[in-house]
**Student:** 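Can you keep this structure in mind? I'll have questions shortly.
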2 protein chains.
Amino acid sequence: MRRNKVSIRDIARECNVSVATVSRVLNNSDAVKEDTRILVQNVIDKYNYRPNELARGLYTQRTKTIGVIMPEVTSHFFAKVFIEIEKSATEYEQTVFLCNTLSDNKLQDFYTLRLSEKQVDGLILLGGRVNETKTDVQYVNLLKNNFYPTPVVIINGKLENYYDNCASVSSDEHEAMFQAVSYLTSLGHKKIGFLGGQRGIMSTDIKLKALDEAKSVFDFTMKDEWIKLSTYNYQGGVQSILELLKEKELPTAIIAINDEAAAGIVNTCISKGYSVPGDFSVLGFDDSSISTITMPSITTISHPYEKLGSLSVEFLNNMIDEKPMKDVTNISLKMNFVERGSCGKITEAAL
Amino acid sequence: MRRNKVSIRDIARECNVSVATVSRVLNNSDAVKEDTRILVQNVIDKYNYRPNELARGLYTQRTKTIGVIMPEVTSHFFAKVFIEIEKSATEYEQTVFLCNTLSDNKLQDFYTLRLSEKQVDGLILLGGRVNETKTDVQYVNLLKNNFYPTPVVIINGKLENYYDNCASVSSDEHEAMFQAVSYLTSLGHKKIGFLGGQRGIMSTDIKLKALDEAKSVFDFTMKDEWIKLSTYNYQGGVQSILELLKEKELPTAIIAINDEAAAGIVNTCISKGYSVPGDFSVLGFDDSSISTITMPSITTISHPYEKLGSLSVEFLNNMIDEKPMKDVTNISLKMNFVERGSCGKITEAAL
DNA sequence: GCAAAAAATGTAACGCGTTACATCCTATTT
DNA sequence: AAATAGGATGTAACGCGTTACATTTTTTGC
């Protein structure tokens with residue numbers, strides 16, 4: 001077996017003090033005589049000794065570790081949120097386990113159990129399909145039976161009423177959708193389509209619901225044939241716009257599930273000879289890096305990434321420390337409109 | 001303090017057996033009478049008991065955890081490699097800590113110590129600038145003093161001769177550069193420029209060196225003024241092409257440090273009224289998702305992502321298990337040419 | 001039916017920090 | 001100089017699996 005690192009007992013022996021004293025020096029706790037402190041610290045430095053976090057965690061019941069479960073970091077949205085989570089976690093002196101489920105429920109279960117065994121102090125769930133569908137019920141049960149009472153924060157999802165020790169942080173996609181419609185109608189668009197995404201996933205369901213509700217507030221139509229769902233990526237955008245273009249009557253504005261899909265839509269329109277925004281205004285979501293790459297660049301609605309990350313870590317830590325949450329356990333944050341080139345005033349041509 | 005989870009002793013008590021027996025059931029080790037096994041397993045299931053990995057790791061000196069340190073997951077290349085690392089790690093029953101340094105050396109040091117305290121079984125270093133520069137020497141010393149003897153694998157970097165317990169897995173960017181030049185010269189290009197990247201980082205240094213060496217094999221020129229370095233992203237591509245366009249004489253083919261930069265180059269050329277590949281052939285690297293989004297799409301040279309991930313995890317585990325490495329501790333993998341639309345035969349116009 | 005071998009199970013130490021409690025030492029008070 | 005308070009340090013239990021070794025139970029062989 002590999003040689004062991006030096007332990008607190010080794011340090012204590014060399015200093016002729018007890019392990020308790022070394023521990024006190026390590027944690028700046030209680031009183032240690034200055035002479036002793038310096039003596040011990042010197043030996044610690046001499047050996048580059050650092051306490052074993054496993055042993056520490058075993059006793060303190062706190063690992064200073066949190067888990068993050070998401071579908072895929074290769075998606076720009078998730079990667080960006082992750083970076084913010086990590087930044088905040090570092091402020092709380094926490095390290096994060098990142099688990100990519102690749103949208104596989106089995107893998108999600110597996111990682112959840114794994115994280116529980118690793119004694120994470122808390123879990124952040126991202127992009128999950130936690131609502132009323134069947135697999136969700138199953139996952140919620142797994143959480144209840146095998147993860148409770150470890151706290152969980154869900155980002156852009158719903159877990160309240162299902163798991164006791166939880167909180168949520170969301171982008172207000174409902175309000176964002178109203179912003180979107182308000183903007184598009186102000187440009188003169190009266191026919192709006194929706195492309196990409198998938199029912200059963202929060203960010204699609206919410207947007208569609210909002211779009212429907214917006215009908216009673218704004219003057220526009222949205223026919224069922226103008227909704228083509230598929231996936232959350234570029235290819236999904238391509239597929240759904242190709243589907244849409246088969247219709248006899250077409251909308252003049254298109255809201256895409258996200259910027260990746262919007263990019264697929266923009267490029268496909270252009271290569272089919274349409275003009276964007278001349279023939280179609282295309283609006284994306286997320287402010288992904290891709291949105292500045294297409295020509296025209298994509299007008300989009302961005303998530304409050306930094307807040308999304310920092311608040312979820314803050315909420316999680318409040319629960320970990322069992323601090324009162326001031327009744328706010330579910331928060332919804334405003335999304336930000338980013339105007340670029342893919343939307344424009346309705347033109348003669350489009351009518 | 002939060003209530004403790006059920007422990008192996010609780011299970012043992014309820015079963016009227018010793019903890020050793022429960023442990024044996026958990027690990028399928030030694031012989032346990034079938035009756036006992038079933039009895040114990042039932043109680044384990046009843047309580048959804050799962051052993052505490054901290055305690056296990058404390059004794060076995062193995063945490064089944066590895067660390068990955070990289071600049072940023074928001075970069076597509078790193079995210080893709082990470083996904084592959086995670087897949088392979090899962091096969092080895094390992095969980096991974098992901099640390100993003102945001103290219104900050106301090107943060108890199110910090111995370112390295114953190115991972116050491118967490119007793120990771122091994123570390124994979126990605127995109128680091130480990131070679132002869134000053135900060136590297138400092139980092140290597142940190143590894144030696146505070147991380148050794150935990151094994152380290154570096155992807156697309158060099159650590160041999162600096163750290164004892166290490167291995168490396170690389171994309172053969174040198175050979176890839178020869179492929180690139182061979183391809184471009186075969187299309188008739190005799191003037192090749194190089195844009196993006198940064199000296200001191202392996203993937204830039206190697207490419208420039210290879211480009212230089214290729215001069216004696218292929219018939220082309222590469223003037224110093226045609227090399228404009230900046231960063232690894234879209235903006236870097238934009239900046240460097242704008243710099244290049246100020247030159248009196250211009251190359252007809254451009255090799256970009258990666259696809260993000262290539263995208264910036266392609267789009268900038270187009271918006272300046274040039275044609276790609278009519279006026280400039282642009283070749284990228286990495287096969288990032290962005291390369292299929294620009295118009296034209298970007299001809300690129302891809303990394304063997306899956307191998308990069310799986311071999312680094314395999315090497316790491318060989319070192320963890322102290323298996324002989326058959327003398328292969330540094331491996332270089334062939335990159336793959338992906339022909340798309342951004343390169344073409346040299347035209348009259350470009351001459 | 002008994003001895004010996006084999007199988008099953010138990011005991012207790014171990015890995016390594018942390019901390020409640022005990023003990024010892026120094027300084028202050030009278 | 002003795003008593004006391006308070007500061008400094010030590011002792012040992014604890015958290016929870018694992019495993020070497022010891023002990024008990026069962027099986028095998030004759």
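Each chain gets a letter, A, B and so on, in the order its sequence line appears, and its residues count up from 1. This one's a predicted model, so the numbers in the text were calculated from it and none came from an experiment.
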**Student:** From B/N317 CG over to B/S88 OG, what is the distance, rounded to the nearest 0.5 angstrom?
**Tutor:** 9.5 Å

**Student:** How would you label the contact of B/T36 with the nucleic acid (heavy atoms, under 4.0 Å): base, sugar-phosphate, or nothing?
**Tutor:** sugar-phosphate

**Student:** Establish, with yes or no, whether the OP1 or OP2 oxygen of C/dG17 is under 4.0 angstrom from a side-chain nitrogen or oxygen of A/Y49.
**Tutor:** yes

**Student:** What contact category does A/T21 fall into here, base, sugar-phosphate, or nothing, at under 4.0 angstrom with non-hydrogen atoms?
**Tutor:** sugar-phosphate

**Student:** Please state how far atom NZ in A/K33 lies from atom P in C/dA27, giving the value in whole angstrom units.
**Tutor:**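 It works out to 9 Å between those atoms.
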
**Student:** I need the CZ-P distance between A/R62 and C/dT19, as an integer number of Å.
**Tutor:**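 After rounding, the reported distance stands at 12 Å.
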
**Student:** Round to a whole Å and report the spacing from CZ of B/R56 to C1' of D/dT18.
**Tutor:**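 These atoms are roughly 9 Å apart.
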
**Student:** Does C/dG15 have its OP1 or OP2 closer than 4.0 Å to a side-chain nitrogen or oxygen of A/N52?
**Tutor:**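 For C/dG15, OP1/OP2 do not have a side-chain N/O of A/N52 under 4.0 Å.
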
**Student:** Heavy atoms from C-beta onward define the side chain here; which of C/dG17, C/dT18, C/dA12 lies closest to that of A/T60?
**Tutor:**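 For A/T60, the side-chain atoms sit closest to C/dT18.
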
**Student:** I'd like to know if B/R24 reaches the base of C/dG10 with its side chain such that a donor and an acceptor end up less than 3.5 angstrom apart.
**Tutor:**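 Flag set: donor-acceptor pair detected.
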
**Student:** Under 4.0 Å, heavy atoms only, any strand: does A/V22 hit a base, just the sugar-phosphate, or nothing?
**Tutor:** nothing

**Student:** Got a donor-acceptor contact below 3.5 angstrom from the A/N52 side chain to the A/L54 backbone?
**Tutor:**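 Answer holds: yes.
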
**Student:** Angle class for the B/F147/B/Y163 ring planes (parallel below 30°, perpendicular above 60°, tilted otherwise)?
**Tutor:** tilted

